[in-house]
Structures are given as structure tokens and as C-alpha cells.
Trainee: 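My questions all concern the structure below.
We name chains A, B, ... by the order of the sequence lines, and we start the count at 1 in each one.
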Amino acid sequence: MTGKPELRRELIGIHNKLLACYGVQHWWPGETPFEIMVGAILTQSAAWGNVEKAITNLKSAGKLSPSAIRDMPMVDLAKMVYPSGYYNAKARKLKALAEWLGKYKDDLSRLDRSPTVDLRQELLEIYGVGPETSDAILLYVFKRPVFVIDAYTRRLFRRLGVEPPVDNYDGWQALFMDNLPHEFELFAEYHALIVKHGKDICRKSPQCTECCLSNECSGKPSATKPVHLGGPT
DNA sequence: GTCCCGCTTG
DNA sequence: CAAGCTGGAC
């Protein structure tokens, strides 16, 4: 946490307003660590409701475990995750995740001994695990203080007029991690609140009249959409 | 930049 | 009917 005090207070202020608006979120939905990891992969560019269907399919078939997924034919796995979209790609990703866990005898406590940077590097080497999925797993499974950046985060804070100097994943992550205390509870709750807000209010087409942040928001990108002053040609 | 891809919402 | 959904691989 080395950033400017002004930005630090702004980021905390946004968190507090979201918390006051929505209350504690109790994330991540998922009853076991493995279920959280599966959810993190299946939710890539997919609505959570569809992810739940896929997870329910796995659960009711008794296949929601690393070993079951390793032993299952790819085609069967693809059918089960069908509702979450990209089913062939996601079946392959789940296989890769399960194979990786197998290297540690499916024992999360072994992995939990690794420092965060090392664990993150390992996660990134798994097929289908990129920065966001990696950080979601680090945060919600391993309880590491890592700030997760997603499309909702970028959209919300751009509209609020807060942007990092470098517009990529690491740049966004540094914006938050350089300006907030590295506390698991704070990062977990903040991300959950951003998602809640992004789904319900700060959508692509924002519901600004119902937004509890409308006072501090310029609504920039959507407000700057081209206006043809001369009217249609 | 393109592809992967079904389901929900407007 | 189209747009959008907690991305990542190539």
C-alpha cells in the first residue's frame, strides 16, 4: 500500500458505500474448495445462473470431485457443463484443473503451504486458468489477500473516473493493491460487492437512477457517446 | 483479433 | 430479434 492517500480514501469510500447499499455478500457461492474452483472456471464469460445448472448436473451425478472428473470421458463432462456455454473448452479446462490437483494427491493443504506468488504462478500454468480465475481461486479458496479484477471492476471504476496508468490486468490490480490494506476479508467483500453492483445496477446499460454511487459518478464513457449535433445526414 | 457457445434479458 | 454474461487460448 504505497499509493496516494486521496486515492486510498476514495477506494475505501466506494467500498463502504457499496457495503451500506447491499450489505455483506457472504461469497463465494460454493460449498467446497473444489466447487469454488469449478465455479471459477465455468463462470468465464457466462452468467452465474447457467454455471449453477452445470454444477448441479455434476453434483447430482456425483461427479463434483477431482478424481471423478479425471476419470470421466471428456464427452460426458462436456454434456454436464453444457448449460454454462463453451462446453467443449470448459470440459477441457476442468480436466486440466483436476489433473493438476492430482499432482498433489488432491490435497489442498499441501498447496496451501506455498507462498502466494508461487501458487499464483502454478495456477497460471494450468490450461484455462488466466489471471482472473487464478486470483479468484487464490482469494476464495486459499484466502490469500489478492484483489480480483474482472469486467465489472473495470467498467465501474472507469465510470467513476478511476483508471490505472497501464490499462491491463496487472495495472488494474496494482491500482487496488497499492492503495488498500492487504486484508483477505476486505478484498473478498469488495470484489463480491462490485459483482453485485455490476450485475444489478452498473450494467453495460447502467441503471443510474437506482445507483447508490451516482453522487460520485460522472458516468463518463456512456455519457461521451457520440452526439450528432447536425442531426442525421 | 478470433474463436469457444448456451441461456437470459430487453 | 440482438446483446450480454465475473475469460482464456491461440
Side-chain angles (χ1 to χ4, degrees), chain A residues 14-15 18 22 24-30 33 35-58 74-100 120-142 144 146-160 167-173 175-177 186-210 221-222 225:
Chain A
I14 301 291
H15 168 268
L18 289 174
Y22 301 113
V24 180
Q25 296 298 299
H26 299 297
W27 255 34
W28 181 290
E35 184 174 335
I36 296 174
M37 293 190 236
V38 170
I41 285 178
L42 293 183
T43 197
Q44 293 170 4
S45 282
W48 185 254
N50 293 334
V51 175
E52 284 184 313
K53 292 178 187 172
I55 289 182
T56 299
N57 288 343
L58 290 168
M74 188 77 81
V75 189
D76 296 347
L77 184 54
K79 283 179 189 165
M80 293 197 166
V81 301
Y82 186 81
S84 65
Y86 307 112
Y87 50 90
N88 286 316
K90 283 178 180 173
R92 188 179 160 197
K93 292 176 183 184
L94 291 183
K95 281 277 189 184
L97 174 69
E99 291 294 338
W100 176 71
R120 186 172 198 267
Q121 187 54 46
E122 276 224 43
L123 285 164
L124 289 173
E125 287 169 8
I126 303 171
Y127 174 81
V129 178
E132 180 182 337
T133 306
S134 159
D135 290 342
I137 291 172
L138 286 171
L139 180 65
Y140 291 104
V141 173
F142 293 99
R144 306 298 174 91
V146 170
F147 202 95
V148 178
I149 303 299
D150 60 7
Y152 289 147
T153 307
R154 300 182 200 212
R155 186 166 71 201
L156 169 60
F157 284 90
R158 275 201 193 103
R159 284 172 176 166
L160 290 169
D167 185 21
N168 59 25
Y169 189 93
D170 292 342
W172 278 94
Q173 188 172 49
L175 174 69
F176 290 91
M177 297 197 60
L186 173 64
F187 287 177
E189 191 57 37
Y190 207 158
H191 178 63
L193 286 165
I194 290 168
V195 171
K196 170 74 174 167
H197 187 64
K199 276 162 78 169
D200 295 351
I201 305 295
C202 200
R203 309 183 193 164
K204 263 268 162 97
S205 169
Q207 315 291 106
C208 299
T209 55
E210 307 172 49
S222 50
K225 74 177 147 191

Trainee: To the nearest Å, how far apart are A:N57 CG and B:dG6 C1'?
Mentor: 13 Å
Trainee: So, is A:T43 near the phosphate of C:dG7, with a side-chain N or O under 4.0 Å from OP1 or OP2?
Mentor: no
Trainee: Kindly say if A:K53 contacts the phosphate of B:dT8, meaning a side-chain N or O under 4.0 Å from OP1 or OP2.
Mentor: yes
Trainee: What do you reckon, are the aromatic ring centroids of A:Y22 and A:H197 less than 6.0 Å apart?
Mentor: yes
Trainee: Nearest to the side chain of A:N50, which nucleotide is it out of C:dG7, B:dG6, C:dC10?
Mentor: B:dG6
Trainee: C:dC10, OP1 or OP2 - any side-chain N/O from A:R92 closer than 4.0 Å?
Mentor: yes
Trainee: Hey, does A:V129 reach any base, or is it just sugar-phosphate, or nothing, if we go heavy atoms under 4.0 Å?
Mentor: sugar-phosphate
Trainee: Atom CG of A:L77 and atom P of B:dC4: how far apart are they, to the nearest Å?
Mentor: 19 Å
Trainee: Looking at A:L138, A:D135, A:V141, A:T133, which hits side-chain contact (heavy atoms from CB on, under 4.5 Å) with A:L123?
Mentor: A:L138
Trainee: Has A:R203 got a side-chain N or O lying under 4.0 Å from the OP1 or OP2 atom of B:dT8?
Mentor: no
Trainee: Identify whether any heavy atom of A:A89 sits under 4.0 Å from a base atom; if not, whether one sits that close to sugar-phosphate; answer base, sugar-phosphate or nothing.
Mentor: sugar-phosphate
Trainee: The test is side-chain hydrogen bond (donor to acceptor under 3.5 Å, both in side chains); show your working for A:W100 and A:E122 and say whether it passes.
Mentor: CA-CA 9 Å; A:W100 176 71; A:E122 276 224 43; 2.9 Å; yes
Trainee: For A:E125 and C:dG8, give me the distance from atom CD to atom C1', rounded to whole Å.
Mentor: 16 Å
Trainee: With ring centroids as reference points, do A:F187 and A:F176 lie under 6.0 angstrom apart?
Mentor: no
Trainee: Under 4.0 Å between any heavy atoms, over every strand shown, what does A:S45 touch: base, sugar-phosphate, or nothing? Just pick one.
Mentor: base
Trainee: As a test of reading the structure: which of C:dC5, C:dG7, C:dA9 is closest to the side chain of A:R155, going by heavy atoms?
Mentor: C:dC5
Trainee: In whole angstroms, how far is the C1' atom of B:dT8 from the NZ atom of A:K199?
Mentor: 12 Å
Trainee: If I take atom CG in residue A:L42 and atom P in nucleotide B:dG6, what distance separates them, rounded to the nearest angstrom?
Mentor: 15 Å
Trainee: Would you say the side-chain atoms of A:K79 pair up with the backbone N or O of A:M74, donor to acceptor, closer than 3.5 Å?
Mentor: no
Trainee: Nearest to the side chain of A:Q44, heavy atoms from C-beta on, is which of B:dC7, C:dG7, C:dG4?
Mentor: C:dG7
Trainee: Taking atom C1' of B:dC4 as reference, at what distance in whole Å does atom OH of A:Y127 sit?
Mentor: 9 Å
Trainee: I'd like the C1' distance from B:dC4 over to C:dC1, given in whole Å.
Mentor: 23 Å
Trainee: Within this structure, what is the CG-to-C1' distance between A:D150 and C:dC5, rounded to whole angstrom?
Mentor: 11 Å
Trainee: Report the distance from atom CG of A:L123 to atom C1' of C:dG8, rounded to the nearest whole Å.
Mentor: 14 Å
Trainee: Any base atoms under 4.0 Å from A:L124, or only sugar-phosphate, or nothing? Heavy atoms, all strands.
Mentor: nothing
Trainee: Over all strands shown, is A:G85 touching base, sugar-phosphate only, or nothing at heavy-atom distances under 4.0 angstrom?
Mentor: base
Trainee: Please determine whether a side-chain nitrogen of the Lys or Arg among A:R158 and A:D167 lies less than 4.0 Å from a carboxylate oxygen of the Asp or Glu.
Mentor: yes
Trainee: Any side-chain N or O of A:Y87 below 4.0 angstrom from OP1/OP2 of B:dG6?
Mentor: yes
